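I have placed the structure first, in the form of structure tokens, so that the comments after it can refer back to it.
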There are 2 protein chains.
Amino acid sequence: MFTNLNTDPGRKPRLVGELGALSHGRVSSGEFKYSAGMEIFGDTEPADYIYQVIAGAVRIHKLMADGRRQIGAFHLAGDIFGLENGDLHRFTAEAIVDTRVRLIRRESLERVANTDTAIIRSLLKMTSENLAHAENHMLLLGRKTSLERVAAFLLEMHRRLTPEGAIALPMNRRDIADYLGITLETVSRALSVLRKNGLLKFLGQTQRQIVVVDPAGLARLTDNPE
Amino acid sequence: MFTNLNTDPGRKPRLVGELGALSHGRVSSGEFKYSAGMEIFGDTEPADYIYQVIAGAVRIHKLMADGRRQIGAFHLAGDIFGLENGDLHRFTAEAIVDTRVRLIRRESLERVANTDTAIIRSLLKMTSENLAHAENHMLLLGRKTSLERVAAFLLEMHRRLTPEGAIALPMNRRDIADYLGITLETVSRALSVLRKNGLLKFLGQTQRQIVVVDPAGLARLTDNPE
DNA sequence: CGGTGGGTTGAGGTATTTCAAGGCTCGTGG
DNA sequence: CCACGAGCCTTGAAATACCTCAACCCACCG
């Protein structure tokens, strides 16, 4: 019943509002499916396309030589990702679950942008939103405790994929850990603490857990600007 | 002799290249001086101006309710800061040392941007550069050891304010610590280790230290994408 | 000169990591 | 249709990187 909360294709794609030209057919775009775990693009690859999640979930990350990983963001239905100013991608992007994605040729976007300032403004707005997210995430990574990080994560997911109140998390504990800069065991322990304090419930024991949170209670634990 | 390396007003301001209109006098701008420690703008204040460092150094930070601080970036001669997409600043900005700053009315920039796509493109480019910096910093804050963080910091400063090879750091240990998400004692210990390993020299014991680094050696210690 | 604002270093404490074991779910193939 | 392995999650116990607290030093300034 709750299984597809997060991948609901009925959700209104945000891009339509953001980049009017796309819906006017002035920019060439295609659609593509990636199954869980597939790489969408790699770090330092040429950024020939930008992407929009139609349904599913995507993680973007950086990897260190010894395997340490930092996930910079999760992208959910409606989100744009892979937008770069330079010629190369700065993250690797992978589908977390089976995911449908719209592809837009960058070249075609550039062409339209030359004559249409609204398009560039949209790109600027999206880049600014990514920047604001990264800035808040720096505070989390630099200064918050593990409990605060996990509370902030749940609040973010609550805000982004819950009209009703139940969250079906598409990502596993390792993904959450690499997003929050802690280990998967610490994530698990923090979730247990929150559950014991009644700020969190697991509905059903099915692999991808469905979660109900108490946003006001969690907000008291973190210092979230969002 | 090295005292003012970092605040050299002779350095070519980067803005001239970035925002041509400013040098054409089509955007109203003024100049202002802030002494060390002064606040330039505060978190959640209206973003009526954008700023360019002419000489000196600025830190921008977020503060938690209990005083924990995360510095998002240091801005040096030539850098633009305070550029927001929304109406409010998302950081507090303070002068680290005595600093000269150029102010540009946002309203006046907006007006020009309506007719000049080059301006919006410049804003997009600058925002993207800030984003790229934040993305790299997330990896540092989430996954690097204290030694790797300090090495990365020194490399960044080396790249940004050293044509010659000596760095006069404008910020103190607490600022560095809050930028790197560690404590000032840990910064100090890491610097001592680097010094013992010959990757770093202090020139002169004067309050604001001058530092000479071995970039290749430091690079081996971190995983820096920059 | 005495105080203040850095900075370094040591010793001990602690949050988080690491290592390890065990349980649950689900898909697959005998 | 059941057995089994793989993936995921949780929990415990021990190790450790970093933090906290504290002492001390030095440079600078009124």
Side-chain angles (χ1 to χ4, degrees), chain A residues 3 35-37 59 64 66-70 96-98 140-151 153-154 168-196 200-211 221, chain B residues 3 35-37 59 64 66-70 96-98 140-151 153-154 168-196 200-211 221:
Chain A
T3 312
S35 51
R59 62 179 175 244
M64 291 178 66
D66 61 3
R68 280 174 285 173
R69 183 177 70 154
Q70 179 64 42
I96 299 176
V97 293
D98 292 356
L140 179 148
L141 292 171
R143 287 303 180 213
K144 292 193 178 178
T145 67
S146 63
L147 202 63
E148 290 168 334
R149 293 178 198 216
V150 172
F153 167 75
L154 290 172
L169 294 174
M171 67 291 284
N172 64 24
R173 297 290 184 265
R174 173 168 296 283
D175 288 338
I176 299 172
D178 286 346
Y179 179 56
L180 299 179
I182 53 184
T183 61
L184 64 92
E185 293 93 334
T186 301
V187 171
S188 183
R189 282 184 243 270
L191 288 171
S192 297
V193 169
L194 294 176
R195 187 174 32 179
K196 265 163 206 140
L200 174 65
K201 275 201 194 84
F202 290 157
L203 303 186
Q205 258 21 357
T206 174
Q207 202 74 332
R208 275 295 172 279
Q209 268 162 349
I210 292 115
V211 160
L221 284 184
Chain B
T3 312
S35 51
R59 63 179 174 244
M64 290 178 65
D66 61 3
R68 280 174 285 174
R69 182 177 71 154
Q70 179 63 43
I96 298 176
V97 293
D98 292 356
L140 179 148
L141 292 171
R143 288 303 181 212
K144 292 193 179 180
T145 67
S146 62
L147 202 64
E148 289 169 334
R149 293 178 200 216
V150 171
F153 166 76
L154 290 171
L169 294 174
M171 67 291 284
N172 64 23
R173 297 290 184 263
R174 173 167 295 281
D175 288 338
I176 299 173
D178 285 346
Y179 180 55
L180 300 179
I182 53 184
T183 61
L184 64 93
E185 291 94 334
T186 301
V187 171
S188 183
R189 281 184 245 271
L191 288 171
S192 296
V193 169
L194 294 175
R195 187 174 33 179
K196 264 162 207 142
L200 173 64
K201 275 202 193 85
F202 291 158
L203 302 186
Q205 257 21 355
T206 173
Q207 203 72 336
R208 275 295 172 280
Q209 268 163 348
I210 292 114
V211 159
L221 284 184

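Protein chains get the first letters and strands the later ones, always in sequence-line order, with residue 1 at the start of each. Because the structure is predicted, anything quoted here is derived from the model rather than measured. Side chains included, hydrogens not; waters and symmetry mates left out as well; all remaining heavy atoms used.
Counting to the nearest Å, the C1' atom of D/dA17 and the CZ atom of B/R149 are 11 Å from each other. The distance between atom CZ of B/R173 and atom C1' of D/dC19, rounded to the nearest whole Å, is 18 Å. The CD1-C1' distance, from B/I176 to C/dG6, rounds to 12 Å in whole Å. In this structure, B/D175 atom CG and C/dG5 atom C1' are separated by 13 Å, rounded to whole Å. The nearest whole Å value for the distance from the CD1 atom in A/I96 to the P atom in D/dG7 is 18 Å. Going from atom CD1 of A/I182 over to atom C1' of D/dT16 covers 17 Å, rounded to whole Å. Between the CG atom of B/L169 and the P atom of C/dG5 there is a distance of 21 Å, given to the nearest Å. If you take CG of A/L200 and P of D/dC9, they are 14 Å apart, rounded to a whole angstrom.
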What does the list of N/O pairs under 3.5 Å between the protein and nucleotides 11-13 of chain D look like, with a distance for each?
| residue | atom | partner | partner atom | Å |
| --- | --- | --- | --- | --- |
| D/dT11 | OP2 | A/S192 | OG | 2.4 |
| D/dG12 | N7 | A/R189 | NH1 | 2.9 |
| D/dG12 | O6 | A/R189 | NH2 | 3.2 |
| D/dA13 | N6 | A/R189 | NH2 | 3.4 |

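Remark: B/D175 pairs with B/R59, B/R69, B/I71, B/F74, B/I96, B/M171, B/N172 by the side-chain contact (heavy atoms from CB on, under 4.5 Å) rule, at least two apart or across chains. Partners of A/R68 by side-chain hydrogen bond (donor to acceptor under 3.5 Å, both in side chains), not counting sequence neighbours, listed by chain and number: A/D66, B/E148. Among residues two or more places apart in sequence or in another chain, the side-chain contact (heavy atoms from CB on, under 4.5 Å) test is passed with A/R173 by A/I176, A/L184, A/V187, A/L191, A/F202, A/Q209. With sequence neighbours left out, B/R143 forms a side-chain hydrogen bond (donor to acceptor under 3.5 Å, both in side chains) with A/D178. The side-chain contact (heavy atoms from CB on, under 4.5 Å) check on B/T186 picks up B/S146, B/I182, B/T183, with sequence neighbours excluded.
The closest side-chain heavy-atom distance from B/L194 to B/L154 is below 4.5 Å.
Picking from D/dT10, C/dT8, D/dT20 the nucleotide with the shortest atom distance to the side chain of B/T183 gives D/dT20.
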